[in-house]
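Okay, structure first, notes after.
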Amino acid sequence: MLLAKRRRHFTLKIIPLAAWLVIGFFAIGVTLVVGSYWAQQTEVTQKQEVADEKAAVRAKKVAFIKRLVPTAQAMQKQYGVLTSITLAQAILESNWGTSALAKDYHNLFGIKGTDPATTKVLRTQEYVNDKWITVDGRFRVYDNDSESIRDHALLFVNGTDWNPQQYATVRAAKDYKTAAAALKTDGYATDPDYPQKLIHLIETWNLTQYDS
C-alpha cells in the first residue's frame with residue numbers, strides 16, 4: 001500500500017506596510033545623507049582649489065614686486081624717483097609682467113623709441129579725444145628688466161627732446177600721491193585715471209614700504 005506523500009505547505013509571511021515604509025524612509029535617508037556628504041566634500045574641494053589658485057596668483061605678484069625692488073630702490077637713491085611709483089607703474093603698464101612687451105622685450109613701462117634697431121612695433125591703446133583707440137607704436141627693447149627700470153628713471157631725469165624738464169615735478173615729489181598726479185599733468189600717460197590706478201596699486205600692495 002502506497003503511502004500518500006505529505007504535502008508541505010509554505011506560508012508566505014506578509015511584511016506589514018508600516019515596515020515597508022520604515023525601510024523606504026531609511027533608504028531615502030541614507031541616500032540623502034550620503035548625497036549631502038559628497039556635495040559638501042565637492043564644495044570644500046572647489047573652495048580649496050579657488051583658494052589655492054588665488055594664493056598662487058598672489059605669490060607670483062609678490063615675486064614680481066620683489067624682483068624689481070632692488071633696481072627700483074637704486075634708481076630712487078641715484079635719481080630721486082620714488083620706488084613705490086616705479087613699482088606701481090611697472091605693474092600697471094606691464095600687467096604684472098605678463099604683457100607681450102614685458103615678457104618678450106623686457107619693456108615694463110611702455111617706453112617708446114625711434115631707432116628700428118632697438119625697438120619693436122606693437123599694437124597699443126591710447127586715450128585720444130576722450131576715447132580709447134588702437135594704434136601701432138614703436139617700443140624700446142631691453143635685455144633685462146633692470147635695463148628697463150634704469151631707462152624709466154633716466155626718462156624722468158632727462159625729460160623729452162622738446163622739454164628736458166618735463167618730468168621735473170615727478171622727481172621733486174616727496175610722496176606717491178603727488179608723484180602720481182604729476183605723471184598725469186606732465187603728460188606721461190594719456191589715461192585720465194592713471195594717477196588713481198597707481199595710487200590704488202601702491203596702497204593695495206603697500207609699496208611705500210620700499211621707499212627709501
*Yes or no on side-chain hydrogen bond (donor to acceptor under 3.5 Å, both in side chains) for D145 and H106, after CA distance, side-chain angles and deciding distance?*
CA-CA 5 Å; D145 292 342; H106 297 286; 2.9 Å; yes
_Looking at T178, is its backbone amide N or carbonyl O close enough to the side chain of D175 to form a donor-acceptor pair, meaning the two atoms are under 3.5 Å apart?_
yes
*Side-chain donor-acceptor contact under 3.5 Å, S148 with D151*: no
*Is a donor on one side and an acceptor on the other found under 3.5 Å between the side chain of D186 and the backbone of Y188?*
no
*I85 versus I202: any side-chain heavy-atom pair under 4.5 Å?*
yes
_Within the supplied structure, the quantity of interest is the number of heavy atoms (other residues, nucleotides, ligands) at a distance under 6.0 Å from K120 NZ; does it exceed 12?_
no
*Could you walk me through whether S94 and F64 pass the side chain to side chain contact (heavy atoms under 4.5 Å, CB included) check?*
CA-CA 11 Å; S94 72; F64 178 75; 3.7 Å; yes
*Whether S99 side chain and N95 backbone form a donor-acceptor pair below 3.5 Å*: no
*Give a yes or no on whether the backbone of A72 and the side-chain of T86 come within a donor-acceptor separation of less than 3.5 Å.*
no
*Less than 4.5 Å apart, any side-chain heavy atom of T119 and any of F139?*
no
_Determine whether a donor-acceptor pair (N or O, by modelled atom type, separation under 3.5 Å) exists between the side chain of E93 and the backbone of Q89._
no
_Within the 3.5 Å criterion, strictly below it, is a donor on S84 or T208 matched to an acceptor on the partner's side chain?_
no
*Flag yes if more than 12 heavy atoms outside R58 fall under 6.0 Å of its CZ atom; otherwise flag no.*
no
*Are any of the side-chain heavy atoms of H152 and L108 separated by less than 4.5 Å?*
no
*Does some side-chain heavy atom of L92 sit less than 4.5 Å from a side-chain heavy atom of K197?*
yes
*Measure across A90 and F109 and return the closest heavy-atom pair with its distance rounded to 0.1 Å.*
N-CE2, 3.5 Å
*Check for a donor-acceptor pair, side chain of T169 on one end and backbone N or O of A182 on the other, with a separation under 3.5 Å.*
no
*asked:* Do Y142 and N107 pair up side chain to side chain, a donor and an acceptor below 3.5 Å, judged on atom types alone?
replied: no
_With a 4.5 Å cut-off on side-chain heavy atoms, are L68 and L87 touching?_
yes
*Heavy atoms, side chains only, cut-off 4.5 Å: are F156 and M75 in contact?*
no
*Nearest 0.5 Å please: distance from the CZ atom of R138 over to the CG atom of D115.*
8.5 Å
*Measure the shortest side-chain to side-chain distance between Y167 and N158 over non-hydrogen atoms and say whether it is less than 4.5 angstrom.*
no
*Does NZ belonging to K61 count more than 12 external heavy atoms closer than 6.0 Å?*
yes
*Could you list the residues that satisfy ring pair (Phe, Tyr, Trp, His ring centres under 6.0 Å) with Y176, not counting sequence neighbours?*
none
*State whether the side chain of D193 and the backbone N or O of Q196 hold a donor-acceptor pair below 3.5 Å, judged by distance alone.*
no
*Go through T71 and S146 one step at a time and tell me if the side-chain hydrogen bond (donor to acceptor under 3.5 Å, both in side chains) criterion holds.*
CA-CA 6 Å; T71 306; S146 293; 3.1 Å; yes
*Is the number of heavy atoms from other residues, nucleotides or ligands within 6.0 Å of CD (E53) greater than 12?*
no
*In terms of heavy-atom contacts, does CG of D161 have more than 12 from other residues, nucleotides or ligands at under 6.0 Å?*
no
*For the residue pair Q73 and T83, confirm or rule out a side-chain donor-acceptor distance under 3.5 Å.*
no
_I need the full list of ring pair (Phe, Tyr, Trp, His ring centres under 6.0 Å) pairs touching residues 84-105, with sequence neighbours left out, sorted by first then second residue._
W96-W205
*Give a yes or no answer on whether the side chain of R140 reaches the backbone of K112 with a donor-acceptor pair at less than 3.5 Å.*
yes
*Are the side chain of E203 and the backbone of H200 linked by a donor-acceptor contact shorter than 3.5 Å?*
no
